[in-house]
Chemist: 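Attaching a single structure in structure tokens format; questions to follow.
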2 protein chains.
Amino acid sequence: MDQVDRILAQWRSERPDLDVGPMGTFGRLKRLCDHLAAGLAEVYKAHGLSAASFDVLATLRRAGAPYALSPSALIGWTMVTSGTMTNRLDRLEAAGLIARRTNPEDGRGCVVALTEAGFALIEQVVGAHVANQHRLIAALPEDLRGAFDAGLRAWLAGFEDEMPRQAPRP
Amino acid sequence: MDQVDRILAQWRSERPDLDVGPMGTFGRLKRLCDHLAAGLAEVYKAHGLSAASFDVLATLRRAGAPYALSPSALIGWTMVTSGTMTNRLDRLEAAGLIARRTNPEDGRGCVVALTEAGFALIEQVVGAHVANQHRLIAALPEDLRGAFDAGLRAWLAGFEDEMPRQAPRP
DNA sequence: TCCAGTTATCTTGACGTCAAGATAAAAAGG
DNA sequence: CCTTTTTATCTTGACGTCAAGATAACTGGA
């Protein structure tokens, strides 16, 4: 009997005509994501980052040398709009963690690259981030993880596999 | 091989020292929640609401007659800060969907109640919302739901059961 | 060559959120 | 009674996000 069960009990009392079974899944998913996001933010914050800035730096880092991608490629990896990406890049550039260079092949765009400071920072934070994920997932019993991941993958596929996401270009 | 698998493959190539298994779970969870939130927002938007305003109206509705709770009780149910709740209530009050009445028992607080318009609206939207949840959960195969829910409940319990959340008071 | 359509990025305006602090009233202790 | 502490709500300032539109540059066909 958790908080979500209490919510469902209220609905069943007030609106017995509704089948609120799925609402339990949605409610727990939302609350779990909120808790996990808060847990991850602790590490970001400890290094002066936010989820938004970590997201960009990590995407550049894992892309491999020379740690440079176009804003479009970053948008493709991160599921945010162009306006959001512009804002993220502005802040990271002001913080000296990335640099925008002109794209010699396309005068419309630019290339976003990690600075030395940006590389050093993300290299350090990624380790702490992964350790933090191990800490947070500990609450999910090992014997349930396989089935949980299978459900997660199947459900997500219903949203992402319809239109095979094209690999973002550099 | 989905987008999250591609991300993990990049990390394994760039940072083979890291165990990024949990990152797959976190990544899919985040993306799934984003897709589901977007799917739910369609219905909210069709009725002139947002997730934030639906949240408040639904909490008041399922509380039962007289559909009135204090801001503190609403905060307890919805996991947002007091500043956020003030902002939500301001907008809903301006839209004529709720009314703040003075609390005769406590001069510091107030009581938030659904107006007639607010009740009529949420009564209609809740039905569409539940139907929408049934639509969105269809992508999760039925035979995986039980195990998925079990994992969800167990993991969430790790965050919410430590400090038994006290039932919000009216 | 030149123009119409497309693409890449940025700008603007509006929301929603939080942290931290302000204000006011109730409760507790002497 | 007062004074102190606690509680309830609101205010402020800063972020992060999106939708819609603006700007600039590339592209392909006439």
Side-chain angles (χ1 to χ4, degrees), chain A residues 30 33-35 37-42 44-46 48-57 68-95 98-112 166 168-170, chain B residues 30 33-35 37-42 44-46 48-57 68-95 98-112 166 168-170:
Chain A
K30 173 71 164 63
C33 278
D34 286 352
H35 287 296
L40 295 177
E42 290 173 22
Y44 303 146
K45 202 170 179 180
L49 293 176
S50 63
S53 49
F54 174 86
D55 196 22
V56 172
L57 297 181
L69 295 170
S70 68
S72 300
L74 287 168
I75 288 167
W77 281 111
T78 57
M79 293 183 72
V80 299
T81 63
S82 64
T84 296
M85 187 54 66
T86 296
N87 186 35
R88 289 182 176 188
L89 297 178
D90 286 349
R91 292 182 184 283
L92 285 168
E93 190 170 37
I98 60 131
R100 282 178 171 106
R101 310 192 194 295
T102 61
N103 186 334
E105 297 174 354
D106 189 336
R108 292 168 301 180
C110 61
V111 173
V112 178
Q166 71 189 17
R169 288 163 301 108
Chain B
K30 173 71 164 64
C33 278
D34 285 352
H35 286 296
L40 295 177
E42 289 174 22
Y44 304 146
K45 203 169 177 180
L49 292 176
S50 64
S53 47
F54 174 86
D55 196 21
V56 173
L57 297 181
L69 295 170
S70 68
S72 298
L74 287 168
I75 289 168
W77 281 111
T78 59
M79 291 184 73
V80 298
T81 63
S82 64
T84 297
M85 186 54 66
T86 297
N87 187 33
R88 288 181 176 189
L89 296 179
D90 286 349
R91 292 181 184 283
L92 286 168
E93 190 170 38
I98 59 132
R100 282 180 171 105
R101 310 192 194 296
T102 61
N103 186 335
E105 295 174 356
D106 189 335
R108 292 169 300 179
C110 61
V111 173
V112 178
Q166 70 189 17
R169 288 163 301 108

Chemist: Are OP1 or OP2 of C:dT11 and a side-chain N or O of A:T86 less than 4.0 angstrom apart?
Modeler: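 For C:dT11, neither OP1 nor OP2 has a side-chain N or O of A:T86 closer than 4.0 Å.
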Chemist: What is the separation between atom CG on A:L49 and atom C1' on D:dC15, rounded to the nearest whole Å?
Modeler: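 Answer to the nearest Å: 14 Å.
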Chemist: What nucleic acid atoms does A:G83 come within less than 4.0 Å of, heavy atoms only: base, sugar-phosphate, or nothing?
Modeler: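 A:G83: base contact, heavy atoms under 4.0 Å.
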Chemist: Using whole Å, what does the distance between atom C1' of nucleotide C:dC18 and atom CG of A:D34 come to?
Modeler: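 That distance rounds to 13 Å.
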Chemist: Counting C-beta onward and ignoring hydrogens, is there a side-chain heavy-atom pair between A:M79 and A:T84 closer than 4.5 Å?
Modeler: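 SC-SC contact between A:M79 and A:T84 ruled out.
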Chemist: For the residue pair B:I75 and B:S82, establish whether any side-chain heavy-atom pair is separated by less than 4.5 Å.
Modeler: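 In short, these two side chains touch, coming nearer than 4.5 Å.
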Chemist: Is there a side-chain contact between B:M85 and B:V56, using heavy atoms and a 4.5 Å cut-off?
Modeler: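 SC-SC contact between B:M85 and B:V56 confirmed.
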Chemist: Would you compute the distance between atom CZ of B:R88 and atom CG of B:D55 and round it to the nearest 0.5 angstrom?
Modeler: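 That separation rounds to 4.5 Å.
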Chemist: Rounded to the nearest angstrom, tell me the gap between atom CG in B:L74 and atom P in C:dT17.
Modeler: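 After rounding, the reported distance stands at 13 Å.
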Chemist: Could you tell me the separation between the CG atom of B:L92 and the C1' atom of C:dC15, rounded to a whole number of Å?
Modeler: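 So the CG-C1' distance, B:L92 to C:dC15, works out to 13 Å.
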Chemist: A:I75 CD1 to D:dC18 C1': how many Å, rounded?
Modeler: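 Between C1' of D:dC18 and CD1 of A:I75: 12 Å.
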Chemist: Among C:dG16, D:dT17, C:dC10, which nucleotide sits nearest the side chain of A:N87?
Modeler: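 Within the option list, the nearest is D:dT17.
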Chemist: How many whole angstroms separate atom CG of B:L89 from atom C1' of C:dG16?
Modeler: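 Distance, rounded to whole Å: 13 Å.
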Chemist: Whole-Å distance between D:dA8 P and B:R101 CZ?
Modeler: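 Result: 21 Å.
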Chemist: Side chain of B:T81 only, heavy atoms from C-beta on: which candidate in C:dC18, D:dA19, C:dC10 is closest?
Modeler: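 My answer, after comparing the listed nucleotides, is C:dC18.
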Chemist: Under 4.0 Å: is that the gap between some side-chain N or O of B:R88 and OP1 or OP2 of C:dC15?
Modeler: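 False: B:R88 side-chain N/O out of range (4.0 Å or more) of C:dC15 OP1/OP2.
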Chemist: Does A:T84 place a side-chain N or O at less than 4.0 Å from the phosphate oxygens OP1/OP2 of D:dT17?
Modeler: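 No.
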Chemist: Does A:T78 use its side chain to pair, donor to acceptor, with the backbone of A:L74 at less than 3.5 Å?
Modeler: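 Here the side-chain-to-backbone pair exists.
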Chemist: Grab the CE-P distance between B:M85 and C:dT17 for me, whole Å please.
Modeler: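 One finds 9 Å between P of C:dT17 and CE of B:M85, rounded.
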Chemist: Does a side-chain N or O from B:R91 land closer than 4.0 Å to OP1 or OP2 of C:dG16, or not?
Modeler: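 For B:R91, the contact criterion (side-chain N or O under 4.0 Å from OP1 or OP2 of C:dG16) is met.
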Chemist: Nearest heavy atom decides the nucleotide; on that basis, is B:D90 or A:S82 closer to the 5' end of DNA chain D?
Modeler: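 The 5'-side residue here is B:D90.
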